[in-house]
Amino acid sequence: MDEIERRIAQRHFKPGEGILQIYTEDPDGEMYDSLLRQGREICASLPGDKVSLYFVDGVRCQAGADSELKTVMVWKGMLDLIIKLASLVTVHARPIPPAYQAPPLPWRHNVKVWLKDGVFDWESPDYWWLRDPEYRATFETFAFAIFCFILLHEVGHFHNLHAVRRAERGASPEAEAADDQERLEKHAREVIADTYAMQFLMDELKKRLFADETHYDPQKHIAITQACFTFALIAASATLWGFSVAIPMDESHQENSYPGHAFRLRAIQSTALEHRINGLEPNTAHYIISTAMKQCAEIMSVLSGGDFVTWDQALQNPIHGAHYEKVCEEVRNWSNPFYGSKD
């Protein structure tokens with residue numbers, strides 16, 4: 001165990017937890033290894049201070065960051081949730097081929113129970129998308145996208161100097177009082193980190209899906225932006241809805257110390273509509289974003305058995321719109337103009 005691992009263990013591990021030992025000869029180990037390698041490559045390529053990435057052998061559905069050690073940690077429980085969410089999206093993003101309609105889906109009885117407590121069986125014939133080459137490629141891309149969103153969210157806190165600014169304001173990193181202003185500041189930091197994650201996730205998806213497109217063409221730029229934004233929005237939606245299952249919060253108000261998962265998704269959508277994407281002309285950007293939101297909602301509604309719609313409707317209360325306006329006002333106090341965002 002090196003010095004960083006020792007300090008991580010002292011600060012963040014519960015009894016029985018440790019650095020995840022990965023065995024690539026196992027199917028899950030192969031996936032963990034792939035995500036870890038890709039995650040470390042992303043951390044090395046981003047602007048600003050370099051960030052280390054470690055996987056933790058623990059059942060907690062959690063990811064976190066240590067600003068002093070410049071380290072992001074992802075627990076095995078979170079990795080397993082990512083793999084399940086990627087499976088759900090892969091299977092429900094398009095019609096199931098006739099050859100695979102007979103086997104029962106593992107989540108057929110209750111998708112939320114399977115997502116939270118089910119065992120992912122890499123060897124079962126019911127998991128046909130792991131063996132079909134085309135669907136396996138889609139599964140791995142969604143797993144990559146969901147993982148990247150979570151990783152980049154944590155990196156976004158570093159690059160927007162959130163720990164530094166909290167210290168400047170005299171906020172305790174261990175426990176912040178739950179008064180309205182400090183709650184608003186927390187919500188602003190989460191929205192900024194999500195915005196950062198979406199921006200850089202689109203870049204990572206472009207590298208993965210359109211590596212051969214090295215020359216700029218206006219029409220191709222629009223098509224690539226649409227594909228990458230749609231993929232990123234589906235990944236973010238699956239992540240945040242999945243969090244609402246695995247880490248439940250009350251979505252009916254804004255009294256949570258951290259913003260509700262549905263509120264975070266709505267903020268991502270609103271930010272994209274307000275600020276556009278990739279410098280596109282306003283009408284083009286609005287069409288791409290609106291189309292992606294519609295497509296995403298349809299997929300999420302199907303895979304969640306309608307729960308996504310109910311979850312999202314909790315935000316119809318006008319109090320959420322008023323709260324979002326307050327968050328937007330607070331955002332400028334927590335954004336790093338050098339590394340916090342990109343054009």
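Source: prediction; values computed, not measured.
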Checking [X] side chain against [Y] main chain: does a donor-acceptor pair fall under 3.5 Å?
X	Y	value
Arg332	Glu329	yes
Glu204	Cys148	no
Arg264	Val191	no
Glu5	Ile19	no
Ser301	Ala297	no

Please list, one pair per line, the donor and acceptor atoms closer than 3.5 Å that link side chains of residues 113-120 to other protein atoms, with sequence neighbours excluded.
none

Next item on the list: Run the numbers on Asp66 and Arg7 for salt bridge (charged side-chain N to carboxylate O under 4.0 Å, His left out), then give the verdict.
Entry: CA-CA 10 Å; Asp66 187 308; Arg7 294 177 69 186; over 6 Å; no

Margin query: Looking at Glu30, I'd like to know if its CD atom is crowded, meaning that more than 12 non-hydrogen atoms belonging to other residues, nucleotides or ligands lie closer than 6.0 Å.
Written below: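 No, not enclosed.
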
Next item on the list: Mark yes when over 12 heavy atoms from residues, nucleotides or ligands other than His286 sit less than 6.0 Å from its NE2; otherwise mark no.
Entry: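 Result for NE2/His286: open.
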
Checklist line | NZ or CZ of Arg40 within 45° of Tyr54 ring axis and under 6.0 Å | finding: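 Judged by the rule, Arg40 and Tyr54 form a cation-pi pair.
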
Check: Do the numbers put Arg208 on top of the ring of Phe144, so that NZ or CZ is under 6.0 Å from the six-membered ring centre and no more than 45° off the axis?
Finding: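 Yes, cation above the ring, under 6.0 Å and within 45°.
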
Would you say the ring centers of [X] and [Y] fall short of 6.0 Å from each other?
X	Y	answer
Phe200	Tyr196	yes
His187	Tyr258	no
His221	Tyr216	yes
Tyr127	Trp129	yes

Next item on the list: Classify the angle between the aromatic ring planes of His320 and Phe263 as parallel (below 30°), tilted (30 to 60°) or perpendicular (above 60°).
Entry: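 Correct class here is tilted.
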
Please tell me whether [X] and [Y] have a donor and an acceptor in their side chains that are separated by less than 3.5 angstrom.
X	Y	answer
Asp80	Tyr32	yes
His157	Glu190	yes
Trp75	Asp57	no
Thr284	Glu281	yes

Notebook entry, point to check: Do the non-hydrogen side-chain atoms of Glu298 and Phe308 ever get within less than 4.5 Å of each other?
Noted result: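 Of all side-chain heavy-atom pairs linking Phe308 with Glu298, none is under 4.5 Å.
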
Notebook entry, point to check: Taking the side chain as C-beta and beyond, is there a heavy-atom pair between Leu152 and Phe147 under 4.5 Å?
Noted result: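 The answer is no, as the side chains (C-beta and beyond) never meet within the 4.5 Å cut-off.
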
Checklist line | Test applied, side chain to side chain contact (heavy atoms under 4.5 Å, CB included); reference residue, Cys296; option that passes from Thr230, Leu265, Ile234, Thr291 | finding: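 That would be Ile234.
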
Notebook entry, point to check: Would Asp33 and Arg37 count as a salt bridge (charged side-chain N to carboxylate O under 4.0 Å, His left out) if you check the C-alpha gap in whole Å, the side-chain angles of each, and the deciding distance to 0.1 Å?
Noted result: CA-CA 6 Å; Asp33 181 67; Arg37 283 188 290 103; 3.1 Å; yes

Checklist line | Distance, nearest 0.5 Å, that separates CE of Met78 from CZ of Phe55 | finding: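 Here the interatomic distance stands at 11.5 Å.
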
Next item on the list: Return each pair, listed once, that meets salt bridge (charged side-chain N to carboxylate O under 4.0 Å, His left out) where at least one residue sits in residues 283-293; pairs must be two or more places apart or across chains.
Entry: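 Passing the test, one end in residues 283-293: no pairs.
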
